[in-house]
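Chain letters run A, B, ... following the sequence lines, proteins first and then strands; every chain starts at 1. Excluded from the calculations below are hydrogen atoms, water molecules and symmetry mates; all remaining heavy atoms, backbone and side chain alike, are included. Predicted, not measured: the structure shown is a model, and the values here were computed from it.
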Amino acid sequence: MKLKNWKEVNPGSVITEPGSSEKFKTGSWRSSKPVWKEENCIQCLFCWIYCPDNAVKVKDGKRGEFDYEYCKGCGICALECPGKKGNKAIIMVEEGK
Amino acid sequence: MAKIVAVTGNEAVANALRQVNPDVCAAYPITPQTDMMQRFSSFVSDGKVKTELILVESEHSSMSACVGASAAGGRVITATSSQGLALMNEILYIASGTRLPIVMPVVNRALSAPLNIHGDHSDAMYARDTGWIQLWSENAQEAYDNTIQAFPIAEHIDIRLPVMICLDGFIISHSIERIEYLDDEQVQNFVGDFKQLYPLLDIQHPVSYGPLILPDYYMEFRRAQAEVNTKVSKVVLDVASDFEKLSGRKYGLFETYRLEDAEIGIVILNSAAGTTKDVIDEFRNKGIKAGLLKPRLYRPFPYEETGEALKHLKALCVLDRADCFGSSFGPVYSDIAASLYPFKDKPVLVNKIYGLGGRDYLPEHAEIVLNELVDIAETGKVKSYKEYIGVRE
Ligand code: SF4
Ligand code: SF4
(Lines give C-alpha, C1' and ligand atoms only; values in the text may rest on other atoms or scores of the structure.)
(Ligands and ions follow the chains in the order given, each with its own letter.)
Protein backbone atom coordinates (compact mmCIF):
# COMPACT_ATOMS: atom_id res chain seq x y z
CA MET A 1 0.00 0.00 0.00
CA LYS A 2 1.31 3.47 -0.92
CA LEU A 3 1.64 5.60 2.21
CA LYS A 4 0.13 9.09 2.16
CA ASN A 5 2.36 12.17 2.38
CA TRP A 6 1.84 14.94 4.95
CA LYS A 7 -0.38 16.96 2.61
CA GLU A 8 -2.80 14.05 2.24
CA VAL A 9 -3.38 13.04 5.87
CA ASN A 10 -6.66 13.95 7.63
CA PRO A 11 -6.57 17.00 9.95
CA GLY A 12 -6.18 15.97 13.59
CA SER A 13 -5.68 12.30 12.61
CA VAL A 14 -9.46 11.75 12.60
CA ILE A 15 -10.44 8.42 11.06
CA THR A 16 -13.47 8.78 8.81
CA GLU A 17 -13.71 5.21 7.53
CA PRO A 18 -15.87 3.13 9.89
CA GLY A 19 -14.57 -0.31 10.83
CA SER A 20 -11.13 0.37 9.43
CA SER A 21 -9.47 -1.10 12.53
CA GLU A 22 -10.06 -4.46 10.84
CA LYS A 23 -7.17 -3.54 8.55
CA PHE A 24 -4.87 -3.06 11.52
CA LYS A 25 -3.34 -6.50 12.05
CA THR A 26 -2.14 -6.44 15.65
CA GLY A 27 -0.87 -10.02 15.38
CA SER A 28 2.58 -8.71 14.42
CA TRP A 29 3.00 -7.31 17.96
CA ARG A 30 3.05 -10.79 19.51
CA SER A 31 6.17 -12.09 21.27
CA SER A 32 4.47 -15.17 22.69
CA LYS A 33 1.38 -16.91 21.45
CA PRO A 34 -1.49 -18.71 23.14
CA VAL A 35 -1.88 -22.36 22.24
CA TRP A 36 -5.21 -24.14 22.79
CA LYS A 37 -5.17 -27.60 24.36
CA GLU A 38 -8.59 -28.81 23.37
CA GLU A 39 -8.39 -31.88 25.64
CA ASN A 40 -8.38 -29.61 28.74
CA CYS A 41 -11.09 -27.26 27.48
CA ILE A 42 -14.41 -27.21 29.37
CA GLN A 43 -16.08 -24.79 26.91
CA CYS A 44 -16.64 -22.08 29.51
CA LEU A 45 -15.80 -19.40 26.90
CA PHE A 46 -14.02 -17.20 29.47
CA CYS A 47 -11.26 -16.74 26.89
CA TRP A 48 -13.76 -15.41 24.37
CA ILE A 49 -15.20 -12.92 26.90
CA TYR A 50 -11.84 -11.70 28.17
CA CYS A 51 -9.89 -11.39 24.91
CA PRO A 52 -9.48 -7.63 24.24
CA ASP A 53 -8.89 -8.23 20.53
CA ASN A 54 -11.77 -10.54 19.66
CA ALA A 55 -9.15 -13.09 18.69
CA VAL A 56 -10.87 -16.20 20.10
CA LYS A 57 -13.27 -17.52 17.52
CA VAL A 58 -16.55 -19.14 18.53
CA LYS A 59 -18.82 -21.06 16.16
CA ASP A 60 -22.23 -22.53 17.06
CA GLY A 61 -21.55 -21.83 20.74
CA LYS A 62 -18.32 -23.84 20.67
CA ARG A 63 -14.78 -22.62 21.30
CA GLY A 64 -12.79 -22.49 18.01
CA GLU A 65 -9.17 -21.66 17.13
CA PHE A 66 -7.30 -18.41 17.85
CA ASP A 67 -7.23 -15.76 15.16
CA TYR A 68 -3.48 -15.12 15.03
CA GLU A 69 -3.84 -12.17 12.62
CA TYR A 70 -5.19 -10.12 15.56
CA CYS A 71 -4.06 -11.95 18.72
CA LYS A 72 -1.32 -9.74 20.15
CA GLY A 73 -0.21 -12.26 22.74
CA CYS A 74 -1.28 -10.40 25.91
CA GLY A 75 -1.86 -13.69 27.75
CA ILE A 76 -5.15 -12.66 29.39
CA CYS A 77 -6.96 -15.71 28.01
CA ALA A 78 -4.29 -18.06 29.42
CA LEU A 79 -4.51 -16.39 32.82
CA GLU A 80 -8.31 -16.58 32.98
CA CYS A 81 -8.67 -20.09 31.54
CA PRO A 82 -9.80 -22.47 34.37
CA GLY A 83 -8.98 -25.62 32.30
CA LYS A 84 -9.85 -29.08 33.52
CA LYS A 85 -8.81 -30.30 36.99
CA GLY A 86 -6.03 -27.71 37.25
CA ASN A 87 -4.68 -28.35 33.76
CA LYS A 88 -4.86 -25.19 31.68
CA ALA A 89 -6.45 -25.38 28.24
CA ILE A 90 -4.39 -22.39 27.07
CA ILE A 91 -0.62 -22.13 27.45
CA MET A 92 1.63 -19.31 26.25
CA VAL A 93 4.52 -20.34 24.01
CA GLU A 94 7.31 -17.97 23.06
CA GLU A 95 7.18 -17.05 19.34
CA GLY A 96 9.88 -18.63 17.21
CA LYS A 97 10.35 -21.60 19.57
CA MET B 1 -24.05 50.83 19.20
CA ALA B 2 -21.08 50.50 21.51
CA LYS B 3 -21.81 50.64 25.22
CA ILE B 4 -19.24 52.26 27.48
CA VAL B 5 -18.80 50.58 30.86
CA ALA B 6 -16.44 50.51 33.84
CA VAL B 7 -15.57 46.86 34.51
CA THR B 8 -12.74 44.56 35.55
CA GLY B 9 -10.82 42.47 33.03
CA ASN B 10 -12.49 39.29 34.27
CA GLU B 11 -15.91 40.85 33.95
CA ALA B 12 -15.17 42.08 30.43
CA VAL B 13 -14.00 38.65 29.25
CA ALA B 14 -16.93 36.88 30.95
CA ASN B 15 -19.24 39.27 29.13
CA ALA B 16 -17.55 38.54 25.78
CA LEU B 17 -18.11 34.83 26.44
CA ARG B 18 -21.77 35.49 27.27
CA GLN B 19 -22.17 37.39 24.01
CA VAL B 20 -20.64 34.48 22.06
CA ASN B 21 -22.98 32.04 23.86
CA PRO B 22 -20.86 28.89 23.43
CA ASP B 23 -22.34 25.37 23.50
CA VAL B 24 -20.20 23.92 26.28
CA CYS B 25 -18.01 25.23 29.10
CA ALA B 26 -16.07 22.91 31.40
CA ALA B 27 -14.28 24.83 34.13
CA TYR B 28 -12.56 24.57 37.47
CA PRO B 29 -11.88 27.54 39.75
CA ILE B 30 -8.39 28.98 40.28
CA THR B 31 -7.25 32.42 41.39
CA PRO B 32 -7.22 34.92 39.65
CA GLN B 33 -9.45 33.34 36.99
CA THR B 34 -12.17 32.16 39.42
CA ASP B 35 -14.20 35.33 39.28
CA MET B 36 -14.41 35.13 35.47
CA MET B 37 -15.97 31.65 35.42
CA GLN B 38 -18.07 32.50 38.48
CA ARG B 39 -19.60 35.34 36.48
CA PHE B 40 -20.05 33.07 33.49
CA SER B 41 -21.79 30.41 35.60
CA SER B 42 -24.21 33.10 36.80
CA PHE B 43 -25.06 33.75 33.15
CA VAL B 44 -25.79 30.03 32.80
CA SER B 45 -27.95 29.92 35.97
CA ASP B 46 -29.82 33.08 34.95
CA GLY B 47 -30.57 31.69 31.50
CA LYS B 48 -28.54 34.42 29.76
CA VAL B 49 -26.67 31.76 27.74
CA LYS B 50 -27.63 28.32 26.48
CA THR B 51 -24.24 26.89 27.45
CA GLU B 52 -23.97 23.44 29.02
CA LEU B 53 -21.77 24.08 32.05
CA ILE B 54 -19.74 21.09 33.23
CA LEU B 55 -18.34 21.45 36.74
CA VAL B 56 -15.34 19.16 36.91
CA GLU B 57 -12.96 18.05 39.64
CA SER B 58 -9.71 19.42 38.17
CA GLU B 59 -8.26 21.28 35.21
CA HIS B 60 -7.00 18.02 33.72
CA SER B 61 -10.66 17.04 33.60
CA SER B 62 -11.90 20.43 32.39
CA MET B 63 -9.61 20.33 29.36
CA SER B 64 -10.46 16.67 28.77
CA ALA B 65 -14.18 17.49 28.80
CA CYS B 66 -13.50 20.37 26.39
CA VAL B 67 -11.70 17.99 24.02
CA GLY B 68 -14.66 15.60 24.02
CA ALA B 69 -17.26 18.34 23.62
CA SER B 70 -15.34 20.01 20.80
CA ALA B 71 -14.88 16.72 18.93
CA ALA B 72 -18.59 16.07 19.44
CA GLY B 73 -19.29 19.25 17.49
CA GLY B 74 -19.74 22.00 20.08
CA ARG B 75 -18.26 25.47 20.38
CA VAL B 76 -16.31 25.07 23.60
CA ILE B 77 -14.68 27.33 26.19
CA THR B 78 -12.88 27.14 29.50
CA ALA B 79 -10.57 29.44 31.46
CA THR B 80 -7.68 28.97 33.83
CA SER B 81 -4.52 30.32 35.49
CA SER B 82 -1.13 29.11 36.66
CA GLN B 83 -1.28 25.65 38.34
CA GLY B 84 -4.53 24.98 36.49
CA LEU B 85 -2.83 25.49 33.14
CA ALA B 86 0.05 23.34 34.35
CA LEU B 87 -2.34 20.53 35.27
CA MET B 88 -3.91 20.73 31.80
CA ASN B 89 -0.55 20.25 30.12
CA GLU B 90 -1.08 16.74 28.77
CA ILE B 91 -4.47 17.57 27.29
CA LEU B 92 -3.33 20.89 25.78
CA TYR B 93 -1.27 18.92 23.28
CA ILE B 94 -4.20 16.63 22.54
CA ALA B 95 -6.51 19.60 21.85
CA SER B 96 -4.07 21.17 19.37
CA GLY B 97 -2.90 17.90 17.77
CA THR B 98 -6.51 16.87 17.27
CA ARG B 99 -7.18 20.33 15.78
CA LEU B 100 -9.98 21.32 18.16
CA PRO B 101 -10.79 25.06 18.21
CA ILE B 102 -11.31 25.44 21.97
CA VAL B 103 -11.11 29.03 23.29
CA MET B 104 -9.52 29.62 26.70
CA PRO B 105 -8.75 32.87 28.51
CA VAL B 106 -5.62 32.46 30.65
CA VAL B 107 -5.38 34.95 33.51
CA ASN B 108 -1.61 34.98 33.90
CA ARG B 109 -0.26 34.07 37.32
CA ALA B 110 3.09 32.89 38.67
CA LEU B 111 3.83 29.17 38.96
CA SER B 112 4.61 27.46 42.26
CA ALA B 113 7.01 27.00 44.10
CA PRO B 114 7.12 29.22 45.99
CA LEU B 115 3.35 29.46 45.97
CA ASN B 116 2.13 32.82 44.72
CA ILE B 117 -1.23 33.96 43.34
CA HIS B 118 -0.11 37.14 41.60
CA GLY B 119 0.51 38.01 38.00
CA ASP B 120 3.47 37.00 35.90
CA HIS B 121 3.80 35.14 32.63
CA SER B 122 5.39 31.88 33.67
CA ASP B 123 2.14 29.92 33.16
CA ALA B 124 1.39 30.84 29.54
CA MET B 125 5.11 30.85 28.70
CA TYR B 126 5.53 27.24 29.70
CA ALA B 127 2.59 26.46 27.38
CA ARG B 128 4.00 28.35 24.41
CA ASP B 129 4.99 25.21 22.54
CA THR B 130 1.82 23.21 23.14
CA GLY B 131 0.48 24.02 19.68
CA TRP B 132 -2.08 26.56 20.94
CA ILE B 133 -2.43 29.98 19.36
CA GLN B 134 -1.70 32.71 21.95
CA LEU B 135 -3.11 36.24 21.85
CA TRP B 136 -1.78 38.59 24.55
CA SER B 137 -3.70 41.57 25.91
CA GLU B 138 -2.49 44.82 27.48
CA ASN B 139 -5.74 45.82 29.16
CA ALA B 140 -9.37 44.83 29.68
CA GLN B 141 -10.43 46.22 26.30
CA GLU B 142 -7.82 44.15 24.47
CA ALA B 143 -8.75 41.06 26.50
CA TYR B 144 -12.41 41.56 25.56
CA ASP B 145 -11.60 42.20 21.90
CA ASN B 146 -9.14 39.29 21.70
CA THR B 147 -11.70 36.94 23.23
CA ILE B 148 -14.22 37.77 20.52
CA GLN B 149 -11.62 37.53 17.74
CA ALA B 150 -10.34 34.22 19.10
CA PHE B 151 -13.43 32.35 17.86
CA PRO B 152 -13.21 33.13 14.12
CA ILE B 153 -9.42 32.59 14.29
CA ALA B 154 -9.67 29.20 16.05
CA GLU B 155 -12.59 28.01 13.92
CA HIS B 156 -11.28 29.21 10.54
CA ILE B 157 -11.44 26.27 8.15
CA ASP B 158 -7.70 26.59 7.35
CA ILE B 159 -6.74 26.71 11.05
CA ARG B 160 -8.87 24.68 13.48
CA LEU B 161 -6.54 25.21 16.40
CA PRO B 162 -7.25 26.11 20.03
CA VAL B 163 -6.59 29.68 21.23
CA MET B 164 -5.44 31.10 24.59
CA ILE B 165 -6.18 34.73 25.39
CA CYS B 166 -3.62 35.96 27.93
CA LEU B 167 -4.27 38.82 30.36
CA ASP B 168 -2.34 39.80 33.48
CA GLY B 169 -3.64 38.40 36.76
CA PHE B 170 -5.02 41.04 39.18
CA ILE B 171 -3.38 43.96 37.33
CA ILE B 172 -5.95 43.51 34.55
CA SER B 173 -8.29 40.77 35.80
CA HIS B 174 -9.28 42.64 38.97
CA SER B 175 -8.82 46.33 38.07
CA ILE B 176 -11.70 48.40 36.82
CA GLU B 177 -11.19 50.17 33.50
CA ARG B 178 -13.30 52.04 31.02
CA ILE B 179 -14.07 49.78 28.10
CA GLU B 180 -16.43 49.61 25.15
CA TYR B 181 -18.75 46.64 24.66
CA LEU B 182 -20.16 45.67 21.31
CA ASP B 183 -23.84 44.76 21.01
CA ASP B 184 -24.77 41.13 21.60
CA GLU B 185 -26.09 40.93 18.05
CA GLN B 186 -22.88 42.37 16.58
CA VAL B 187 -20.84 39.76 18.42
CA GLN B 188 -23.21 36.97 17.37
CA ASN B 189 -22.93 37.98 13.71
CA PHE B 190 -19.17 38.40 13.98
CA VAL B 191 -18.53 34.91 15.33
CA GLY B 192 -21.26 33.24 13.24
CA ASP B 193 -22.08 29.54 13.62
CA PHE B 194 -19.49 26.91 14.33
CA LYS B 195 -19.51 23.76 12.25
CA GLN B 196 -17.19 20.97 13.33
CA LEU B 197 -15.55 19.23 10.34
CA TYR B 198 -15.97 15.75 11.80
CA PRO B 199 -18.56 15.88 14.59
CA LEU B 200 -18.56 12.73 16.71
CA LEU B 201 -22.31 13.12 17.20
CA ASP B 202 -23.03 12.86 13.46
CA ILE B 203 -23.95 9.19 13.62
CA GLN B 204 -24.61 9.06 9.89
CA HIS B 205 -20.88 9.63 9.37
CA PRO B 206 -19.10 7.74 12.15
CA VAL B 207 -15.56 8.89 12.94
CA SER B 208 -12.84 7.93 15.40
CA TYR B 209 -10.80 10.50 17.34
CA GLY B 210 -7.43 9.93 18.95
CA PRO B 211 -6.12 6.85 17.10
CA LEU B 212 -2.69 5.36 17.69
CA ILE B 213 -0.35 6.71 15.00
CA LEU B 214 2.89 4.74 14.78
CA PRO B 215 6.26 5.69 13.22
CA ASP B 216 4.90 5.12 9.68
CA TYR B 217 2.59 8.17 9.97
CA TYR B 218 3.33 10.23 13.12
CA MET B 219 5.78 12.54 11.39
CA GLU B 220 3.36 13.29 8.56
CA PHE B 221 0.74 14.46 11.07
CA ARG B 222 3.24 16.66 12.92
CA ARG B 223 4.48 18.14 9.64
CA ALA B 224 0.87 18.91 8.63
CA GLN B 225 0.27 20.61 12.00
CA ALA B 226 3.39 22.75 11.54
CA GLU B 227 2.05 23.84 8.14
CA VAL B 228 -1.23 25.03 9.67
CA ASN B 229 0.78 27.33 11.93
CA THR B 230 2.19 29.14 8.89
CA LYS B 231 -1.36 30.19 7.94
CA VAL B 232 -2.31 31.69 11.31
CA SER B 233 -0.81 35.19 10.84
CA LYS B 234 -2.89 35.87 7.74
CA VAL B 235 -6.11 34.72 9.40
CA VAL B 236 -5.33 36.82 12.52
CA LEU B 237 -4.89 39.90 10.30
CA ASP B 238 -8.06 39.19 8.28
CA VAL B 239 -10.11 38.76 11.44
CA ALA B 240 -8.55 41.95 12.89
CA SER B 241 -9.55 43.90 9.81
CA ASP B 242 -13.16 42.67 10.03
CA PHE B 243 -13.13 43.51 13.73
CA GLU B 244 -11.89 47.02 13.03
CA LYS B 245 -14.84 47.64 10.70
CA LEU B 246 -17.14 46.65 13.55
CA SER B 247 -15.42 48.32 16.50
CA GLY B 248 -13.09 50.97 15.08
CA ARG B 249 -10.26 49.36 17.06
CA LYS B 250 -7.18 48.30 15.13
CA TYR B 251 -5.21 45.11 15.85
CA GLY B 252 -2.19 43.53 14.21
CA LEU B 253 0.31 40.75 14.88
CA PHE B 254 1.95 43.17 17.33
CA GLU B 255 1.61 46.82 18.30
CA THR B 256 4.37 49.31 17.64
CA TYR B 257 4.62 52.56 19.56
CA ARG B 258 6.83 55.39 18.22
CA LEU B 259 9.06 52.68 16.77
CA GLU B 260 9.52 53.63 13.10
CA ASP B 261 12.18 56.34 13.63
CA ALA B 262 13.40 55.04 17.00
CA GLU B 263 17.03 54.30 17.84
CA ILE B 264 16.45 52.44 21.07
CA GLY B 265 13.54 50.17 21.84
CA ILE B 266 11.79 47.92 24.32
CA VAL B 267 9.86 44.72 23.65
CA ILE B 268 7.36 43.95 26.41
CA LEU B 269 4.11 41.99 26.75
CA ASN B 270 0.74 42.85 28.27
CA SER B 271 -0.02 45.40 30.99
CA ALA B 272 3.55 46.62 31.55
CA ALA B 273 3.52 47.95 27.97
CA GLY B 274 1.18 50.75 29.09
CA THR B 275 3.59 51.98 31.77
CA THR B 276 6.48 51.73 29.33
CA LYS B 277 4.70 53.82 26.68
CA ASP B 278 4.32 56.67 29.20
CA VAL B 279 8.04 56.64 29.96
CA ILE B 280 8.84 56.48 26.25
CA ASP B 281 6.84 59.69 25.83
CA GLU B 282 8.96 61.33 28.53
CA PHE B 283 12.17 60.27 26.75
CA ARG B 284 10.80 61.51 23.42
CA ASN B 285 10.11 64.88 25.10
CA LYS B 286 13.79 64.96 26.03
CA GLY B 287 14.67 64.36 22.36
CA ILE B 288 15.61 60.69 22.82
CA LYS B 289 14.29 58.48 20.05
CA ALA B 290 12.76 55.59 21.97
CA GLY B 291 10.06 53.17 20.80
CA LEU B 292 8.24 49.99 21.78
CA LEU B 293 6.99 46.75 20.31
CA LYS B 294 4.31 44.78 22.13
CA PRO B 295 3.69 41.27 20.76
CA ARG B 296 0.04 40.27 20.38
CA LEU B 297 0.17 37.02 18.39
CA TYR B 298 2.89 35.32 20.40
CA ARG B 299 2.22 31.79 19.13
CA PRO B 300 2.76 31.07 16.30
CA PHE B 301 5.37 33.82 16.54
CA PRO B 302 5.62 36.11 13.48
CA TYR B 303 9.42 35.97 13.29
CA GLU B 304 9.87 37.72 9.92
CA GLU B 305 7.52 40.63 10.57
CA THR B 306 8.90 41.18 14.09
CA GLY B 307 12.54 41.13 12.94
CA GLU B 308 11.68 43.51 10.11
CA ALA B 309 10.07 45.96 12.58
CA LEU B 310 13.05 45.94 14.98
CA LYS B 311 16.14 45.58 12.79
CA HIS B 312 16.81 49.32 12.38
CA LEU B 313 17.31 49.94 16.11
CA LYS B 314 20.74 50.48 17.66
CA ALA B 315 19.93 48.97 21.04
CA LEU B 316 16.98 46.89 22.16
CA CYS B 317 15.90 45.43 25.50
CA VAL B 318 13.43 42.58 25.83
CA LEU B 319 11.65 42.62 29.18
CA ASP B 320 10.43 39.18 30.24
CA ARG B 321 7.90 38.61 33.02
CA ALA B 322 8.99 34.96 33.18
CA ASP B 323 12.35 33.33 33.57
CA CYS B 324 13.75 30.25 31.85
CA PHE B 325 15.83 28.14 34.16
CA GLY B 326 18.68 26.27 32.59
CA SER B 327 18.80 28.56 29.61
CA SER B 328 20.33 31.97 29.88
CA PHE B 329 17.51 34.16 28.67
CA GLY B 330 13.79 34.84 29.11
CA PRO B 331 11.36 33.31 26.61
CA VAL B 332 10.49 36.47 24.67
CA TYR B 333 14.18 37.39 24.43
CA SER B 334 14.95 34.07 22.72
CA ASP B 335 12.21 34.64 20.15
CA ILE B 336 13.27 38.21 19.44
CA ALA B 337 16.89 37.09 19.07
CA ALA B 338 15.78 34.44 16.57
CA SER B 339 13.69 36.98 14.65
CA LEU B 340 16.69 39.33 14.32
CA TYR B 341 19.28 36.69 13.55
CA PRO B 342 18.78 36.65 9.73
CA PHE B 343 19.51 40.38 9.41
CA LYS B 344 23.05 41.63 8.85
CA ASP B 345 22.41 44.92 10.62
CA LYS B 346 20.62 44.51 13.91
CA PRO B 347 20.44 46.09 17.35
CA VAL B 348 22.51 45.12 20.36
CA LEU B 349 20.07 42.96 22.30
CA VAL B 350 19.80 42.71 26.08
CA ASN B 351 17.34 40.97 28.39
CA LYS B 352 15.77 41.99 31.70
CA ILE B 353 13.58 39.84 33.89
CA TYR B 354 10.99 41.83 35.83
CA GLY B 355 7.74 41.61 37.76
CA LEU B 356 7.87 37.96 38.85
CA GLY B 357 5.09 36.88 41.20
CA GLY B 358 3.31 40.22 40.85
CA ARG B 359 6.33 42.41 41.80
CA ASP B 360 5.44 45.94 40.67
CA TYR B 361 6.82 47.24 37.41
CA LEU B 362 7.19 51.00 37.88
CA PRO B 363 8.00 53.88 35.53
CA GLU B 364 11.44 54.10 37.18
CA HIS B 365 12.22 50.57 35.98
CA ALA B 366 11.48 51.57 32.38
CA GLU B 367 13.67 54.65 32.93
CA ILE B 368 16.62 52.55 34.11
CA VAL B 369 16.29 50.33 31.05
CA LEU B 370 15.98 53.21 28.58
CA ASN B 371 18.96 55.06 30.11
CA GLU B 372 21.03 51.91 29.78
CA LEU B 373 19.94 51.55 26.14
CA VAL B 374 21.02 55.13 25.47
CA ASP B 375 24.48 54.19 26.79
CA ILE B 376 24.65 51.01 24.77
CA ALA B 377 23.58 52.84 21.59
CA GLU B 378 26.35 55.43 22.15
CA THR B 379 29.20 53.20 23.23
CA GLY B 380 28.24 49.80 21.85
CA LYS B 381 29.31 48.39 25.22
CA VAL B 382 27.12 46.01 27.22
CA LYS B 383 27.73 45.42 30.91
CA SER B 384 25.41 42.43 31.12
CA TYR B 385 23.19 40.70 28.59
CA LYS B 386 20.76 39.46 31.21
CA GLU B 387 19.77 41.13 34.45
CA TYR B 388 16.92 41.14 36.97
CA ILE B 389 15.23 44.45 37.68
CA GLY B 390 13.23 45.40 40.74
CA VAL B 391 14.89 42.71 42.86
CA ARG B 392 16.76 43.36 46.12
CA GLU B 393 20.46 42.76 45.46
S1 SF4 C 1 -11.19 -20.33 28.88
FE2 SF4 C 1 -10.09 -22.24 28.65
S3 SF4 C 1 -11.52 -23.77 29.23
FE4 SF4 C 1 -12.71 -21.93 28.90
S5 SF4 C 1 -13.30 -22.06 26.76
FE6 SF4 C 1 -11.44 -20.94 26.77
S7 SF4 C 1 -9.88 -22.50 26.46
FE8 SF4 C 1 -11.71 -23.56 27.04
S1 SF4 D 1 -3.32 -13.74 24.06
FE2 SF4 D 1 -4.57 -11.93 24.38
S3 SF4 D 1 -5.05 -11.26 22.33
FE4 SF4 D 1 -4.36 -13.35 22.12
S5 SF4 D 1 -6.20 -14.56 22.21
FE6 SF4 D 1 -5.43 -14.49 24.29
S7 SF4 D 1 -6.49 -12.75 25.19
FE8 SF4 D 1 -6.74 -12.57 22.95
Side-chain angles (χ1 to χ4, degrees), chain A residues 1-34 46-58 65-80 90 92-97, chain B residues 66-68 70-73 76 91-102 130-132 154-162 195-232:
Chain A
M1 194 173 66
K2 193 180 168 293
L3 293 172
K4 289 178 184 169
N5 69 34
W6 67 263
K7 289 173 194 147
E8 296 162 338
V9 296
N10 235 6
S13 66
V14 175
I15 294 175
T16 52
E17 188 191 335
S20 61
S21 61
E22 212 172 4
K23 294 182 193 163
F24 191 21
K25 303 274 165 72
T26 46
S28 65
W29 297 11
R30 203 169 51 236
S31 62
S32 52
K33 76 173 185 186
F46 274 13
C47 51
W48 172 71
I49 290 168
Y50 278 105
C51 174
D53 284 285
N54 204 14
V56 178
K57 292 296 148 200
V58 171
E65 251 310 336
F66 288 109
D67 184 342
Y68 290 113
E69 292 229 288
Y70 298 103
C71 163
K72 56 177 155 52
C74 66
I76 291 173
C77 56
L79 185 81
E80 297 297 340
I90 303 173
M92 299 302 289
V93 181
E94 208 174 305
E95 283 287 349
K97 281 232 163 128
Chain B
C66 287
V67 163
S70 180
V76 180
I91 318 299
L92 293 180
Y93 287 91
I94 295 174
S96 60
T98 312
R99 306 277 303 277
L100 300 171
I102 298 159
T130 54
W132 282 57
E155 295 165 2
H156 191 283
I157 196 70
D158 292 343
I159 308 294
R160 302 279 158 154
L161 285 176
K195 205 169 175 317
Q196 166 64 273
L197 260 183
Y198 307 112
L200 265 178
L201 290 182
D202 178 1
I203 52 171
Q204 301 304 320
H205 302 95
V207 292
S208 297
Y209 273 82
L212 174 71
I213 303 289
L214 292 172
D216 59 347
Y217 266 112
Y218 184 84
M219 217 164 150
E220 277 65 30
F221 281 105
R222 293 311 244 184
R223 176 67 187 86
Q225 195 180 337
E227 189 67 13
V228 174
N229 277 268
T230 66
K231 299 177 184 166
V232 174

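Judged by the 6.0 Å and 45° rule, K33(A) forms no cation-pi pair with F66(A).
For the pair K23(A)/E17(A), a side-chain contact is recorded, criterion being any heavy-atom separation below 4.5 Å from C-beta on. Looking only at side-chain heavy atoms (C-beta outward), V228(B) and D158(B) stay at 4.5 Å or farther from each other.
With salt bridges taken as basic N to acidic carboxylate O contacts below 4.0 Å, one links K25(A) and E69(A).
Contact annotation for L212(B): only side-chain heavy atoms (C-beta onward) come within less than 4.5 Å of a heavy atom of chain A. If you measure heavy-atom distances from K4(A) to chain B, the contacts under 4.5 Å come from both the backbone and the side chain. The parts of R223(B) that come within reach of chain A are both its backbone and its side chain, each placing non-hydrogen atoms under 4.5 angstrom from that chain. Residue L161(B) does not touch chain A at all, counting heavy-atom pairs closer than 4.5 Å.
Interatomic distance, CD of E80(A) versus CD1 of I49(A), reported as 10.0 Å (0.5 Å rounding).
Between chain B and the options S13(A), S20(A), S21(A), heavy-atom pairs under 4.5 Å are most frequent for S13(A). No other option in M219(B), E220(B), R99(B) has as many heavy-atom pairs under 4.5 Å with chain A as E220(B).
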